[in-house]
Amino acid sequence: MQLSAFPLSELIVAETKTPTKDLAWPTPSVFNLNFRSSNGATHIAEALRGRGLYLISYGQEIIYLGKYRPDEGKIVADRWGRHLQTITGRGHQIGLGGSRDAEARLEKFLRAVAAEGLRQALRNALEYSRLERFRDTGCNTTPNRLRFASQQWVHFGAAEPETILRGFEFRLLKIHSPHDEAHARQVVGAMEVDVLRQWHPVCNEEYIHQTDADRRAANTPEALVESIRASAQMRTGHDIESLVHFQA
């Protein structure tokens, strides 16, 4: 397995974005950050080519696992930038789902969120920007992601673009890809299912707080990487081809 490492700042940049959806709020909206590709990201484009699974960690905990297939677009624009918007609870594009039963959806979100600053932002979204926030924005959040953002709100809620990425790491584990495109996509999808059957990162939909909270300490980078390698061996007959690691 080939290893390579890059500073996260060479791939992703956080920036302030005016939350135009929330101009009617009585207080400034916390949904005011964007995460985009760094201008220098082109020199690591080759390292990002290839199919596989990716891991997002915060501290020593893997908090999200997903699959990556380059024909679907660039990984920051299509995956990691959007994940950061929802995982931090600070993204300017955050959506809270459809407008139908918005009150019930808000109550479900509030049950997952303890941090008062984030709770008030969710209430403001319903009262002052319901049509803009309670719809599919292409960057919809979930109770699991909001719960994690709430748990880290002391940092996330006050962080500026220069500090919001502290603690995050991204890993892309690429497989020896089959030549047949359809088969390659099936392999990556099957590997994702394999790993998520065993591991339930806190921001994945498979995570159930009542039963999985006590297991979070086991969701280490080392454990998840080994699980992905085992799945790759089973599904392709090969170890992972390469691991690309981005660290703040």
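For the numbers below, each heavy atom of this structure counts, side chains included, while hydrogens, waters and symmetry mates do not. The model shown is predicted, which means the values in this text are computed figures rather than measured ones.
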ask   = What pairs of residues pass the side chain to side chain donor-acceptor pair (under 3.5 Å) test when at least one of them lies in residues 145-156, not counting sequence neighbours?
value = H83-R145, T86-R145, N144-R147, Q151-R216

query = Would one find more than 12 heavy atoms of other residues, nucleotides or ligands at under 6.0 Å from atom CD of Q60?
reply = no

request  = List the atom of A248, the atom of G167, and the distance in Å for their closest heavy-atom pair.
outcome  = CB-N, 4.4 Å

ask   = Going through the distances and angles, do L33 and T16 end up as a side-chain contact (heavy atoms from CB on, under 4.5 Å)?
value = CA-CA 5 Å; L33 293 182; T16 301; 4.3 Å; yes

message = Test of understanding: clusters of I, L, V, M, F, W, Y form through side-chain heavy atoms closer than 4.5 Å, transitively. Do F148 and V154 belong to the same one?
response = no

task = Kindly compute the distance separating CZ (F170) from NE2 (H245), expressed to the nearest 0.5 Å.
result = 10.5 Å

D239 atom CG: more than 12 heavy-atom contacts under 6.0 Å = yes

ask   = Taking side chain as C-beta onward, heavy atoms only, is K21 less than 4.5 Å from R135?
value = yes

key: Beyond-backbone contact of P201 with L196, side-chain heavy atoms, under 4.5 angstrom   = yes

key: side chain to side chain donor-acceptor pair (under 3.5 Å) partner of N32, the single match among H92, E15, R90   = R90

inquiry  = I'd like to know if M1 and L224 are part of one continuous hydrophobic network [Ile/Leu/Val/Met/Phe/Trp/Tyr, side-chain heavy atoms within less than 4.5 Å].
reply    = yes

ask   = Are the side chains of H238 and I175 in touch, meaning some heavy atoms are under 4.5 Å apart?
value = no

note = Closest non-hydrogen atoms of G66 and E192, given as atom of the first, atom of the second and distance, are CA-OE2, 3.8 Å

inquiry  = Using 0.5 Å steps for rounding, measure from the CG atom of N34 to the OG1 atom of T18.
reply    = 11.0 Å

ask   = Take atom CD in Q233; do more than 12 heavy atoms of anything else shown fall under 6.0 Å from it?
value = yes

Gap separating the CG atom of L122 from the CG atom of L126, nearest 0.5 angstrom = 9.5 Å

ask   = Under a 4.0 Å N-O cut-off, is there an ion pair linking R133 with E127?
value = no

message = Can you tell me how far apart OG (S227) and CZ (R197) are? Round to the nearest 0.5 Å.
response = 10.5 Å

message = When you measure from the side chain of R119 to the backbone of V113, do you find a donor-acceptor pair of N or O atoms at a distance under 3.5 Å?
response = yes

ask   = What's the verdict on side-chain contact (heavy atoms from CB on, under 4.5 Å) for L96 and L106, showing C-alpha distance, side-chain angles and the deciding distance?
value = CA-CA 8 Å; L96 300 170; L106 173 63; over 6 Å; no

request  = State which residues pass ring pair (Phe, Tyr, Trp, His ring centres under 6.0 Å) with F168; sequence neighbours excluded, sorted by chain then number.
outcome  = Y58, F156

query = Between S4 and V244, is any pair of side-chain heavy atoms under 4.5 Å apart?
reply = yes

ask   = Does a side chain donor of either N219 or E61 reach within less than 3.5 Å of an acceptor in the other side chain?
value = no

message = Please determine whether side-chain contact (heavy atoms from CB on, under 4.5 Å) holds for the pair F35 and T88, giving the CA-CA distance in whole Å, both sets of side-chain angles, and the decisive distance to 0.1 Å.
response = CA-CA 11 Å; F35 301 88; T88 63; 4.1 Å; yes

ask   = Are any of the side-chain heavy atoms of I44 and F246 separated by less than 4.5 Å?
value = yes

task = Please check if I208 and V202 belong to a single hydrophobic cluster, counting links between Ile, Leu, Val, Met, Phe, Trp and Tyr side chain heavy atoms closer than 4.5 Å.
result = no

ask   = So W25 and F31, would you call those rings parallel, tilted or perpendicular, with 30° and 60° as cut-offs?
value = perpendicular

ask   = Can you get from V13 to L48 by hopping between Ile, Leu, Val, Met, Phe, Trp and Tyr side chains that sit under 4.5 Å apart?
value = no

request  = Measure across V188 and G52 and return the closest heavy-atom pair with its distance rounded to 0.1 Å.
outcome  = CG1-O, 3.6 Å

message = So which atom in A149 and which in G89 form the shortest heavy-atom distance, rounded to 0.1 Å?
response = CB-N, 3.9 Å

request  = Using only heavy-atom distances, determine whether the side chains of Q120 and N124 contain a donor-acceptor pair under 3.5 Å.
outcome  = yes

ask   = Hey, what do you get for OH (Y54) to CG (L65), rounding to the nearest 0.5 Å?
value = 8.0 Å

query = What's the verdict on salt bridge (charged side-chain N to carboxylate O under 4.0 Å, His left out) for E241 and R51, showing C-alpha distance, side-chain angles and the deciding distance?
reply = CA-CA 10 Å; E241 182 177 70; R51 300 167 183 84; over 6 Å; no

key: Residue pair Q85 / R82, side-chain donor-acceptor N/O under 3.5 Å   = no

message = In this structure, would Y128 and L131 fall into the same cluster of hydrophobic residues linked by side-chain contacts under 4.5 Å?
response = no

query = Any side-chain heavy atom of L84 within less than 4.5 Å of one from I56?
reply = no

ask   = So which heavy atom on L23 is nearest to which on T20, and how close?
value = CG-O, 3.4 Å

Any R215 side-chain heavy atom under 4.5 Å of H200 side chain = yes

query = If you take all heavy atoms of T137 and G95, which pair is closest and at what distance?
reply = OG1-N, 3.2 Å

inquiry  = Any salt bridge linking R130 with E103? Criterion: basic side-chain nitrogen under 4.0 Å from a carboxylate oxygen.
reply    = yes

inquiry  = To the nearest 0.5 Å, what is the distance between OG on S38 and CD1 on I12?
reply    = 9.5 Å

task = Please examine the side chains of R171 and S57, heavy atoms only from C-beta on, and report whether any two atoms are closer than 4.5 Å.
result = yes

ask   = Going through the distances and angles, do N204 and W199 end up as a side-chain contact (heavy atoms from CB on, under 4.5 Å)?
value = CA-CA 10 Å; N204 280 90; W199 304 95; over 6 Å; no

ask   = Is there a donor-acceptor contact under 3.5 Å from the side chain of K174 to the main chain of A47?
value = yes

inquiry  = Tell me every residue that passes side chain to side chain donor-acceptor pair (under 3.5 Å) with Y207, counting only those two or more places apart in sequence or in another chain.
reply    = H209

